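Letters A, B, ... are given to chains in the order of the sequence lines, protein chains preceding strands, and every chain is numbered from 1. Scope of the values below: all heavy atoms of this structure, side chains included, with no hydrogens, waters or symmetry mates. Note that the coordinates shown come from a computational prediction; the quantities given were computed from them, not determined experimentally.
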Amino acid sequence: MSTSSPAQTAVEGKTEVKTYRQAISDALWEEMERDERVFIMGEEVGVWGGTYAVTRGFYDHFGEKRVRDTPIAEMAIVGTAVGAAMNGLRPVAEIMTINFAFLALDAIVNAAAKARYMFGGQFTVPMVIRTTTGGGRQLGATHSHAPEPIFAHFPGLYVVCPSTPYDAKGLLKAAIRDDNPVMFVEHSTLYQTRGEVPVEEYLVPIGKSDVKREGSDVTIVSYSKMTVVALEAAAQLEKEGISAEVIDLRSLRPLDTEPVIASIKKTNRCVVVEENWALYGVGAEITARIQDEAFDWMDAPVKRVSQEDVPLPYSRELEQSALPNAEKVIKAVKLVL
Amino acid sequence: MAQSNSKGPDKETMRNWYRQMVLIRRFEEKCAELYSAGDIGGFLHLYIGQEAIVVAAQSVLREDDNIITAYRDHGVALARGLSTKGVMAEMLGKSTGVSKGKGGSMHLADKEKRFWGGWAIVGGHLPLAAGIALADQYNGDDRVTMALMGDGATNIGYFHEALNMAAVWKLPVVWVIENNQYGMGTAVTRASAVADIAKKAEAYGMPCCMQVDGMDLLELREMFTEAVEYVRSGEGSFMLEAITYRYRGHSMGDPERYREAHEVETRKADDPITRWGKYLTDKKIATKKDLEAIEKSAEEEVEEAVEFAQNSPLPDPEELYTDVYV
């Protein structure tokens, strides 16, 4: 994994180089300084400083009222955040990893995502669930999921998956200011990556896909870490004279396929790179959208590069062989050309 | 029966409690009728037999306190003062319903009245109660949140997680267990490791009142008063277990194989409304005639609500797509 994020697009104005971790930390800090109603809660967010060190220094600065260490109790973390949000606060609840969000699935699905609709619009649930996703760290089958599409299935929830420090900061600030519940999914292997981040305050609107690299021969659709993989593949393909356009969805819900469709009208070919399993995944959805909106523009079937259809194993080589990588993307691109 | 305290409520208020209980019962009897006729769909969980609990609870809460419950929520809605018309319209899925016809029987709420909902997943509302209370504590408001639940909810993981967190953070919640003897069709003794459910409070270092007579309005009021005062003082949460009985099945269509008819009949003999009516007449707070007039007025209110609901328009088809997001 390169420490410099290849997914970074050009940023206007005065900038500084930040890690993905620092960009997220800065977004949280700035929003807590800006709005007294914003507070964070979760396992080890306080005294420990966050298990991914995102909230280091927060406890000392903001105090235990606004930086709340919780018991290891995901149902209560999410459910309590929903209640606090309904009653006027703007919680940022941290679920240490998305693997533990399964424990909170009912609170996410039946409370956070439904509280507004089910009572005829009486309630708002302005909360963010920050969590980390992804495999590739030899953590075994239970700690290596990338199940974002599960959460993106439910109307009432937003699911945001940034791939760069720039997007991570701007999207997290937008998520905290949004009046809807947002799952903010960080990738656990991107924290060390670096990129240009504006010095001035900025927001990235939720629900806008981003063309991370322009190209003319094939459209590669991706999100989160897979955007980094797609860009690595695109750089190698360029050496072989193949011009790939890389689109970063940035959020799975709302899903903005406009740039995808526009790109396909130019390239007529598409590969989707997803860390989730293929069955009922992001690639399946993107393929369906393409069928609906650009069927006549396609010169080849859409190819998906996904995680192998197995639980992730511990052993390094085995695990890596199950995950999408640039080589697999290149192979898929060559199949559709 | 407990005596009312020295500064006690006036006669009008005491008669009004009778009216609230009767209103809830007549409302639900009408709902059962409408359900059988196919006018109310989905699930219908009746509160009949348990009315004294919510009326007593509501009588000690301030208007700006919070209340939240599970799916057996009609009684809470009416005791909280939601309009009978709006609640009945919700039962019929009409646009004039309290949740615009999108919630139904199990999802009544009124944000203005700080009734935070009927929630239909057992235990799912317990952390919400903690969160609502957390927001008040965070803002320095001295509101109390009252969270009602059935005995069955005390066996689910949510109960443990929410009460533990509430205790750790000293959240201002009165946790009310309405022990109606059955979680759906499974008796408490077959589902809970301890039969005295409020003993579970000990696990969270929380004070509690066990085995409060849920059929006795005054005893309930006394316990609720103690609980609310404790919680409002900033000491943290309090648990209260009211022993009650639902006369009807878990929901409409319950075959009730788990209990004998005579058990229900025996329990009905100790009816909370009858008991409160007798207290009022014994103490000369109301005459039999007064009570009959109250019953008649409650029946009329229900009839008017039905008429209102039946004459209300269905939700606009476009409403399907509103309020998914802000």
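Across Leu128(B), Val324(B), Ile121(B), the residue that shares the most heavy-atom pairs under 4.5 angstrom with chain A is Leu128(B). The residue among Lys114(A), Glu74(A), Arg68(A), Met41(A) with the most heavy atom pairs within less than 4.5 Å of chain B is Arg68(A). The residue among Lys111(B), Glu90(B), His125(B), Met106(B) with the most heavy atom pairs within less than 4.5 Å of chain A is Lys111(B). In terms of heavy-atom pairs under 4.5 Å with chain B, the best-connected choice from Pro126(A), Ala81(A), Gly88(A), Gly121(A) is Gly121(A). Most heavy-atom pairs under 4.5 Å with chain B: of the set Leu157(A), Val125(A), Ile77(A), this distinction falls to Leu157(A).
Each of Val38(A), Ile129(A), Thr55(A) was evaluated against Val92(A); a single residue qualifies, Val38(A), per the side chain to side chain contact (heavy atoms under 4.5 Å, CB included) test. Of the residues listed (Val231(B), Leu134(B), Thr145(B)), the one engaging Leu171(B) in a side chain to side chain contact (heavy atoms under 4.5 Å, CB included) is Leu134(B), and it is the only one.
Looking at Leu103(A), neither its backbone nor its side chain comes within 4.5 Å of chain B, counting heavy atoms on both sides. Heavy-atom distances place both the backbone and the side chain of Ala115(A) under 4.5 Å from chain B. Looking at Trp116(B), the atoms closer than 4.5 Å to chain A (heavy atoms on both sides) sit in the backbone and in the side chain alike. When heavy atoms are compared at a cutoff of 4.5 Å, Ala111(A) approaches chain B by way of both its backbone and its side chain. With a threshold of 4.5 angstrom between heavy atoms, Ala109(B) approaches chain A through its backbone and through its side chain. The contact between Asn139(B) and chain A is made entirely by side chain atoms (from C-beta outward), counting heavy-atom distances below 4.5 Å. Using a 4.5 Å cut-off between heavy atoms, Leu108(B) contacts chain A through its backbone alone, with no side-chain atom that close. Proximity to chain A is absent for every atom of Leu163(B), based on heavy atoms less than 4.5 angstrom apart.
Side-chain contact of Tyr223(A) with Glu274(A): a donor-acceptor pair under 3.5 Å is absent, judged by distance alone. With no hydrogens or angles considered, no side-chain donor-acceptor pair links Thr322(B) and Lys100(B) at under 3.5 Å. Between the side chains of Ser312(B) and Thr96(B), a donor-acceptor pair is found at a separation under 3.5 Å. Asp179(A) and Thr124(A) form no side-chain donor-acceptor contact under 3.5 Å, judged by distance and modelled atom types alone. Using modelled atom types and a 3.5 Å distance limit, the side chains of Ser192(B) and Lys200(B) yield a donor-acceptor pair.
Below 30°, between 30° and 60°, or above 60°: for Phe100(A) and His143(A) the angle between ring planes is above 60°, a perpendicular geometry. By the 30° and 60° cut-offs, the orientation of the rings of Phe62(A) relative to Phe58(A) is tilted.
A donor-acceptor pair is defined here as one N or O able to donate and one able to accept, closer than 3.5 Å; no such pair exists between the side chain of Arg177(A) and the backbone of Leu203(A).
Geometrically, Lys65(A) engages Tyr138(B) in a cation-pi contact defined by less than 6.0 Å to the ring centre and at most 45° from the axis.
Along residues 147-156 of chain B, no residue comes nearer than 4.5 angstrom to chain A, judged on non-hydrogen atoms.
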